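First the structure, in the form of structure tokens, and then the observations on it.
As the structure is a prediction and not an experimental result, all values here were calculated from the model.
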Amino acid sequence: MSKLQPVRGTHDLLPDEYRRFAHVVGAARDVARLYGYREMATPIFEFTELFARGIGETTDVVSKEMYTFKDRGDESLTLRPEYTAGICRAFISNGELTQQLPLKVFAAGPMFRYERPQKGRQRQFHQIDIEVLGAPEPGADIEVISVAADILDRLGILERCVLKINSLGDPECRAVYRKVLVDYYSGHIGKLSEDSKSRLQRNPLRILDSKDEGDKAINAGAPSFADHLNQASRDFFAAVKDGLAAAGIAFEVDPTLVRGLDYYTHTAFEFVTTHIGAQGTVLGGGRYDGLIAELGGPPTAGIGWAGGIERLMMLCNEPPAEPRPVVIAPLGAAAETKALGIARALRRQGITVEQDYRGNMKRRLQRANKINARAAIIIGDDELAKGVAQLKDFDSGDQREVALDALADALKV
RNA sequence: GCGGCCGUAGCUCAGUUGGUUAGAGCGCCAGAUUGUGAUUCUGGAUGUCGCCGGUUCAAUUCCGGUCGGCCGCCCCA
């Protein structure tokens with residue numbers, strides 16, 4: 001069959017699938033608007049440096065998953081692997097945004113990560129994204145999670161998800177805890193899995209949620225982050241949990257929840273599901289108070305999340321049906337010409353009208369049936385002479401004569 | 001990046017223990033009195049059996065490679 005294949009890990013969104021895609025993005029956009037978030041977009045590629053500095057050189061995303069290339073001007077560019085760094089860069093690049101704090105934005109678009117594809121994991125995938133910049137208060141954490149919960153709820157996904165949250169503390173107590181953990185695991189290094197041995201250098205917190213049985217045994221005795229949070233971090237986390245409870249959002253505290261991007265502080269959270277295989281995370285994010293300063297901008301707090309559109313599509317309810325069209329089926333050259341004007345007038349009234357480019361009556365009605373039309377307007381020479389049309393209802397099969405100027409009213413739902 | 005499963009018509013799949021014309025259902029196309037769909041009936045076409053190479057008198061079937069999908073790990077949305 002030797003067909004042209006799309007690049008590995010990319011896929012086409014054909015109309016039926018795109019409907020679900022648009023449904024997910026539309027629901028997210030609507031809910032975000034209800035909370036006062038404004039939509040924006042940033043470029044699909046940025047200087048490589050932005051992601052390397054922002055996400056962290058040693059993270060998997062940066063060290064082995066980026067689509068990085070030199071352009072013709074010999075600049076190193078990277079297809080964005082996530083949205084947050086780009087939005088923070090836009091914040092720094094556009095001074096006017098610093099006057100609009102807190103800045104609450106919604107965005108959606110394609111992301112690129114060179115990974116081994118699987119269901120729910122493509123190399124080009126799409127995310128919806130929410131960010132709040134300039135709000136160090138726990139209220140922003142609560143709101144951002146609330147937006148997520150409402151979007152999931154509107155899509156019919158919330159009940160199939162669990163919200164897990166954790167605190168990663170501030171940089172000060174995280175550094176302390178990290179050292180405590182490294183010391184602990186170093187004492188058990190002989191029994192650690194190979195994966196975890198390498199994690200010990202890169203991201204020791206990750207060992208906490210290892211799936212390896214041997215690691216799990218060692219983890220049972222590991223010191224807990226909760227015991228090492230400083231007072232400020234403790235208070236912050238408590239405020240977030242209280243707020244979620246007050247808002248009626250169910251959650252579980254998961255001390256092993258650690259996110260893979262270096263910039264997170266304090267709140268980290270994920271909505272996870274068991275319904276789409278190994279790709280359990282449907283939506284995840286957290287607070288990143290140090291990121292903007294790290295990128296060279298004015299010290300500004302940030303919190304946000306990203307949700308995988310393809311994963312949401314796999315879980316969401318069937319989108320609402322599209323409006324059923326009306327088909328206009330003229331017979332003969334004169335009617336064909338006249339039908340163009342009739343169809344356009346009806347469309348101006350908001351009625352979806354399709355007119356085939358060719359075909360006899362049978363063919364046109366067959367196609368009308370195939371596209372799930374609700375009615376057909378049939379016009380031949382006889383009707384033309386009388387200024388009327390035959391209006392056929394496909395569901396009942398009834399057909400009646402309607403004056404041309406009464407068609408729009410007859411077709412209003 | 002590591003380990004494993006898989007790849008036959010548009011779709012879902014059967015099949016060839018290596019041997020002339022590779023099948024089914026759905027879908028598609030064409031007909032069943034001159035301007036009427038969906039339902040019914042009749043007929044038709046589906047295809048380099050993912051791609052490349054090897055073994056063989058002979059491969060879609062065996063072997064190797066490759067590309068792609070899927071599952072688990074890693075990682076993440």
Quiz prompt | Nucleotide nearest Gln118(A) (side chain, heavy atoms from C-beta), chosen from A38(B), C73(B), U36(B) | solution = C73(B)
Quiz item: How would you label the contact of Ala306(A) with the nucleic acid (heavy atoms, under 4.0 Å): base, sugar-phosphate, or nothing?
Solution: sugar-phosphate
Quiz item: Roughly how many Å is it from CG in Asn360(A) to P in G37(B), rounded to a whole number?
Solution: 10 Å
Quiz item: Does a nitrogen or oxygen in the side chain of Arg363(A) sit under 4.0 Å from OP1 or OP2 of A30(B)?
Solution: yes
Quiz item: Are Ser210(A) and Asp212(A) linked by a side-chain donor-acceptor pair shorter than 3.5 Å?
Solution: no
Quiz prompt | Selection from G35(B), G69(B), C75(B) that lies nearest to any side-chain heavy atom of Asp60(A) | solution = C75(B)
Quiz item: What distance, rounded to whole Å, do you find between the two P atoms, one in C70(B) and one in U12(B)?
Solution: 13 Å
Exercise. Could you tell me the separation between the CD1 atom of Ile157(A) and the P atom of A77(B), rounded to a whole number of Å?
Key: 16 Å
Quiz prompt | C1' spacing across the pair G72(B) / A58(B), given as an integer number of angstrom | solution = 40 Å
Practice problem: Using a heavy-atom cut-off of under 4.0 Å over every strand shown, decide if Gly332(A) touches base, sugar-phosphate, or nothing. | Solution: nothing
Practice problem: Tell whether Gln399(A) reaches the base of G37(B) with its side chain through a donor-acceptor pair below 3.5 angstrom. | Solution: no
Exercise. Would you mind classifying the nucleic acid contact of Gly285(A) as base, sugar-phosphate or nothing, using non-hydrogen atoms under 4.0 angstrom?
Key: nothing
Self-check item: Pairwise 5' ranking along RNA chain B for His126(A) and Gly9(A), keeping only the more 5' one
Solution: Gly9(A)
Quiz prompt | Distance between C1' atoms of G65(B) and C29(B) (Å, rounded) | solution = 40 Å
Quiz item: In whole angstroms, how far is the C1' atom of G1(B) from the CZ atom of Arg123(A)?
Solution: 11 Å
Quiz item: Tell me: CD of Gln127(A) to C1' of C76(B), nearest whole Å?
Solution: 9 Å
Exercise. If A9(B) has a Watson-Crick or G-U wobble mate with both distances under 3.5 Å, name it; if not, just say none.
Key: none
Quiz item: Taking the P atom of each, how far is C26(B) from G43(B), in whole Å?
Solution: 14 Å
Exercise. Describe the nucleic acid contact of Lys370(A) in one word from base, sugar-phosphate, nothing, applying a heavy-atom distance below 4.0 Å.
Key: sugar-phosphate
Quiz item: Hey, does Glu194(A) reach any base, or is it just sugar-phosphate, or nothing, if we go heavy atoms under 4.0 Å?
Solution: nothing
Practice problem: For this output row, return yes or no: ring centroids of Phe21(A) and His126(A) closer than 6.0 angstrom. | Solution: yes
Quiz prompt | Separation between the C1' atoms of G7(B) and C11(B), rounded to whole Å | solution = 15 Å
Self-check item: Opposite nucleotide pairing with C73(B), Watson-Crick or G-U, both atom distances under 3.5 Å
Solution: G1(B)
Self-check item: With Thr300(A), the side chain to side chain contact (heavy atoms under 4.5 Å, CB included) member among Leu97(A), Ile292(A), Leu291(A), Leu295(A)
Solution: Ile292(A)
Quiz item: Between Ile378(A) and Ser210(A), which is nearer to the 5' end of RNA chain B once each is assigned its nearest nucleotide?
Solution: Ile378(A)
Practice problem: Confirm from the modelled atom types if Arg121(A) and C70(B) form a donor-acceptor pair under 3.5 Å, side chain to base only. | Solution: no
Exercise. With C1' as the reference atom in both, quote the distance from U46(B) to G10(B) in angstrom, rounded to an integer.
Key: 9 Å
Practice problem: From the options C74(B), C76(B), C71(B), select the nucleotide whose nearest atom is closest to the side chain of Lys211(A). | Solution: C74(B)
Quiz item: Do we see a donor-acceptor contact under 3.5 Å between the side chains of Tyr35(A) and Asp150(A)?
Solution: yes
Exercise. Check the geometry between Phe125(A) and A77(B) and answer yes if their rings are stacked (centres below 5.5 Å, planes below 30°), otherwise no.
Key: yes
Quiz item: Counting side-chain heavy atoms from CB outward, which of G35(B), C75(B), A38(B) is closest to Gln366(A)?
Solution: A38(B)
Quiz item: In whole angstroms, how far is the P atom of C2(B) from the CZ atom of Arg199(A)?
Solution: 18 Å
Quiz item: Has the side chain of Glu115(A) got a donor or acceptor that lies under 3.5 Å from a partner of the other kind on the base of A77(B)?
Solution: yes
Practice problem: Could you work out which one of C76(B), C2(B), G35(B) sits closest to the side chain of Met361(A)? | Solution: G35(B)
Quiz item: What integer distance in Å separates Leu312(A):CG from C76(B):P?
Solution: 18 Å
Exercise. For nucleotides G25(B) and C62(B), find the distance between their C1' atoms and express it as a whole number of Å.
Key: 31 Å
Quiz item: Which nucleotide in the list U36(B), G3(B), C75(B) gets nearest to the side chain of Arg116(A)?
Solution: G3(B)
Quiz item: With a 4.0 Å cut-off on heavy atoms, is Asp382(A) in touch with a base, just the backbone sugar-phosphate, or nothing at all?
Solution: base
Quiz item: Centres of the Tyr263(A) and Tyr288(A) rings: under 6.0 Å?
Solution: yes
Quiz item: Roughly how many Å is it from CH2 in Trp305(A) to C1' in C76(B), rounded to a whole number?
Solution: 16 Å
Quiz item: Is Lys362(A) near enough to G37(B) that one of its side-chain N or O atoms lies under 4.0 angstrom from OP1 or OP2?
Solution: yes
Quiz item: Is the shortest side-chain N/O distance from Lys119(A) to OP1 or OP2 of G72(B) below 4.0 Å?
Solution: no
Practice problem: Name the pairing partner of U42(B), where a pair is Watson-Crick or G-U wobble with both distances under 3.5 Å, or state none. | Solution: A30(B)
Exercise. In plain terms, say whether Arg19(A) and Asp16(A) are close enough for a salt bridge, that is, a side-chain N and a carboxylate O under 4.0 Å apart.
Key: no
Exercise. Just compare C75(B), G35(B), G1(B) and give me whichever is closest to any side-chain atom of Arg202(A).
Key: C75(B)
Quiz item: CZ of Arg202(A): more than 12 outside heavy atoms within 6.0 angstrom?
Solution: yes
Quiz item: For Arg374(A), which contact category applies under a 4.0 Å heavy-atom criterion: base, sugar-phosphate, or nothing?
Solution: nothing
Exercise. Rounded to whole angstrom, note down the C1' distance from C28(B) over to G47(B).
Key: 15 Å
Quiz prompt | Whole angstrom value for the distance that separates C1' of G69(B) from CZ of Arg8(A) | solution = 8 Å
Self-check item: Complementary nucleotide of C62(B), counting Watson-Crick and G-U pairs under 3.5 Å
Solution: G54(B)
Quiz item: So with a 6.0 Å cut-off around OH of Tyr18(A), is the heavy-atom count from everything else above 12?
Solution: no
Exercise. Pick out which of Val25(A), Thr273(A), Val282(A) makes a side chain to side chain contact (heavy atoms under 4.5 Å, CB included) with Leu312(A).
Key: Val282(A)
